[in-house]
Amino acid sequence: MTSESKPAHFLQNIIREDLAEGRVSQVVTRFPPEPNGYLHIGHAKSICLNFGLAQEFGGSCNLRFDDTNPAKEEEEYVEAIKRDVSWLGYQWNGEVKYTSDYFDQLYEWALHLIREGKAYVCHLTPEEARQYRGTLTEPGTNSPYRDRSVEENLALFEQMKNGEFAEGECSLRAKIDMAAPNINLRDPVIYRIKKMAHHQTGDKWCIYPSYDFAHGQSDAIEGISHSICTLEFEDHKPLYDWFLDNLPVPSHPRQYEFARLNLNYTVVSKRKLKQLVDEGYVDGWDDPRMPTLSGQRRRGVPPAAIRNFCEMIGVTRSDSVVDVGMLEYCIRDELDKTAPRAMCVLEPLKVTLRNYPEGREEVLSAPGHPVRDDLPARELPFTRTLYIEKEDFREEANKKYKRLVLGKKVRLRNAYVIQAEEVVKNEAGEIVEVICSVDLDTLGKDPADGVKPKGVIHWVSADKHVECEVRLYDRLFSDPNPDAGGKNFLDSVNPDSLKVLEGCKAEIGLATAAAGISYQFERNGYFCRDSEYGSAEKPVFNRTIGLRDSWAKEQNK
RNA sequence: UGGGGCGUAGCCAAGCGGUAAGGCAGCGGGUUUUGAUCCCGUCAUGCGUAGGUUCGAAUCCUACCGCCCCAGCCA
């Protein structure tokens, strides 16, 4: 820790005090996803928080699937979630855990509550129960089944477990206070009937504990010291504590809440993400435009960028909307340090060097990274015919344009200085080729006349390169807050969020690029080979993110 | 209008009675064979509002205002 380290957030302060005052001897946290969808950037905040805190204080963090609702959960999601957590760079403590591992114990504790006269089987239908619950401003009224005897409740609950009642016919409720101002305390349901198989327990059960009845006790069983969740669960804390206070649990974890992540120009809601997938707005959960961890991974975002982002945005209790620009900054920042450099011409314009011998080829060397010497140098074949970017040539331009202009000089990145001498156009008047001369005495040094070209442009040999397709991604939504108020988020889906470029020319070394690892295509952005599309001969590259572009900014002034 | 939270710059966020950290974005400049990176400078007389306490208030008190969450047998 240095003097310039980040100030601690409220949870770090709480843990420090708990440790200092002996309230807890070991920090144990948990990340408790429900396996009903894919993890997204919002989950990353929780993962980084829970695993990060455990790491920081020498404790451990469990991965526990909160699987109390077989109607919504699937094994497929379990696997995807494990993969995403590992990818982010975290290791959970011991075996993966499931709330369903504790169903037997939870059932015993339900019995305990019944015996203590603190739970009862209620035969109100869901609709009736809603009416008895009262409203935000009016107290509820007691269920007519509230005073059944312990014996009767025991028998009825047994029948529930044995499948003798239909779904919705009855439920087990905690007997707390129907007049409580906190609605969660108005005799909450703790067991309901669901006659369906569970992905972990099969058909062993037809009754399943509710979140409220399962979560705190699971925390207690696992010896969780700090049970961290999002703000909307704050109203559940009195219930969380009520169960732990009324049951013979091995420990009493404390619940703390923090504000979930919101990102502008993005939706992070499993339901909405699923809709984008189901209705074909994107290619799947791992479409590179998706804020899912699998989508970001496929796009080439390094896990460290997401971790740094989570560190950067902080942890507080106030609702906020983080600018995606911060995420983009973290991605560029990480990639700038780690990505090998390469050249790729997206929209090719042919260049012929009239004073360079036909058939001649020399191999130039270029550094793998401007400051890191541990990344291997590359070999660049240099030939008479090359490709440069269409937008890097103009017949005439003012001094601000620092690229190739007719009659002027420019530096070819990692190669020679050339001068444009002649333009070849087709019948439509479009420029199809630029005839240049090359100054062979400029490799690694300025021209003999001492006049240094002010521009440097990238290029690729027309004879030796890799044909490829490049996919440029833009924000999926054009509205900074797609789902605010009464807006339909689908209305602001950006129709130009995917732009496919064919006929791109990448430097030869990129033929062996591996999926998932990003390169910087110099002057352009960061790109990685797609894991699903493309072939060995013709790879597809995804643009992870563009470089900061002050030239575009300058032009828009 | 019941209960629970939250209001510090365009955005995120420190601050906990001694006179507003830091980051992102922006703006200005320097270096540069990437218009990238990097470096330097700049960016809140004011902390939701109004009163009060105090030598001194973003921090304490009072009253307002605004925003978020809760009436699933979802999590």
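We name chains A, B, ... by the order of the sequence lines, and we start the count at 1 in each one. Bear in mind the structure is a predicted one, so any value in this text is a computation, not a measurement.
- Classification of the A:His43-A:Phe31 ring pair by plane angle, with boundaries at 30° and 60°, yields perpendicular.
- A sub-4.0 Å separation between OP1 or OP2 of B:G35 and a side-chain N or O of A:Arg403 is absent.
- As rounded to whole Å, 7 Å separates atom C1' of B:A75 from atom OH of A:Tyr211.
- Of the C1' atoms belonging to B:A44 and B:C12, the separation is 15 Å, rounded to the nearest Å.
- Using a 4.0 Å heavy-atom cutoff across all strands shown, A:Gly444 reaches at least one base atom of the nucleic acid.
- The aromatic rings of A:Phe489 and A:Phe477 sit tilted relative to each other, their planes meeting at an angle between 30° and 60°.
- Not a single donor-acceptor pair, N or O on each side, falls under 3.5 Å between the base of B:U34 and the side chain of A:Arg523.
- As judged by a 4.0 angstrom heavy-atom cut-off over every strand, A:Ala259 is placed among residues making no nucleic acid contact.
- The residue A:Asp235 sits close to a base: some heavy atom pair falls under 4.0 Å.
- Using a 4.0 Å cut-off, no side-chain N or O of A:Thr137 falls inside it from OP1 or OP2 of B:U1.
- Just one residue in the list A:Val267, A:Val324, A:Ile41 forms a side-chain contact (heavy atoms from CB on, under 4.5 Å) with A:Pro291, and that residue is A:Ile41.
- Between A:Lys553 and the phosphate of B:G26, there is a side-chain N or O to OP1/OP2 separation shorter than 4.0 Å.
- Between A:Tyr329 and B:C24 there is a side-chain polar atom (N or O) within less than 4.0 angstrom of OP1 or OP2.
- At a threshold of 4.0 angstrom between heavy atoms, the contacts of A:Met312 are confined to the sugar-phosphate backbone, with no base atom among them.
- Heavy atoms of A:Lys337 sit nowhere under 4.0 angstrom from any nucleic acid atom.
- Taking the ring centroids of A:Tyr107 and A:Phe157, they lie under the 6.0 Å cut-off.
- Remark: A:Ser550 is in phosphate contact with B:A36, judged by side-chain N or O atoms under 4.0 Å from OP1 or OP2.
- Using a 3.5 Å distance cut-off with no hydrogens or angles, the side chains of A:Ser365 and A:Arg378 do not pair a donor with an acceptor.
- Between A:Asp319 and A:Pro32, the residue anchored closer to the 5' end of RNA chain B is A:Asp319, taking for each the nucleotide with the nearest heavy atom.
- B:G22 and B:U42 have their C1' atoms separated by 16 Å, given to the nearest Å.
- For the P atom pair drawn from B:U45 and B:U31, the interatomic distance equals 33 Å after rounding to whole Å.
- If you measure from atom CD of A:Glu232 to atom P of B:C6, you get 15 Å, rounded to the nearest angstrom.
- Neither OP1 nor OP2 of B:U34 sits under 4.0 Å from any side-chain N or O of A:Lys402.
- Using a 4.0 Å heavy-atom cutoff across all strands shown, A:Tyr208 reaches no nucleic acid atom at all.
- Among the heavy atoms of the strands lying under 4.0 Å from A:Arg411 is at least one base atom, whether or not backbone atoms are also near.
- Atom CD in A:Glu17 sits roughly 14 Å away from atom P in B:C16 (whole-Å rounding).
- A:Thr125 comes within 4.0 angstrom of a base, heavy atoms only.
- In a base pair of the Watson-Crick type (N1 to N3 plus N6-O4 or O6-N4) or a G-U wobble (N1-O2 and O6-N3), with each distance short of 3.5 Å, B:G2 is matched with B:C70.
- Across all strands, A:Ile313 comes closer than 4.0 Å only to sugar-phosphate atoms, never to a base (heavy-atom distances).
- Judged by distance alone with a 3.5 Å cut-off, no donor-acceptor contact links the side chain of A:Asn182 to the base of B:G4.
- Using modelled atom types, no side-chain atom of A:Glu334 and backbone atom of A:Cys330 make a donor-acceptor pair closer than 3.5 Å.
- An OP1 or OP2 oxygen of B:G72 is reached within less than 4.0 angstrom by a side-chain nitrogen or oxygen of A:Arg133.
- At the heavy-atom level, A:His458 lies nowhere under 4.0 Å from the strands shown.
- The base-pairing partner of B:G7, taking Watson-Crick or G-U wobble contacts with both distances under 3.5 Å, is B:C65.
- In this structure, A:Thr135 reaches the bases: a heavy-atom distance under 4.0 Å links it to at least one base atom across the strands shown.
- A close approach under 4.0 Å does occur between a side-chain nitrogen or oxygen of A:Thr68 and OP1 or OP2 of B:A75.
- Between A:Tyr416 and A:Phe382, the gap from one ring centroid to the other is short of 6.0 Å.
- Residue A:Leu124 contributes atom CG, which lies 13 Å from atom P of B:G72 at whole-angstrom precision.
- Across all strands shown, A:Lys452 has heavy atoms under 4.0 Å from sugar-phosphate atoms exclusively, and none from any base.
- Residue-to-nucleotide contacts include a donor-acceptor pair under 3.5 Å from the side chain of A:Arg341 to the base of B:U34.
- Across all strands shown, B:G30 is found opposite B:C38 as a Watson-Crick or G-U wobble partner, with both distances under 3.5 Å.
- Distances shorter than 4.0 Å separate none of the side-chain N or O atoms of A:Arg317 from OP1 or OP2 on B:C68.
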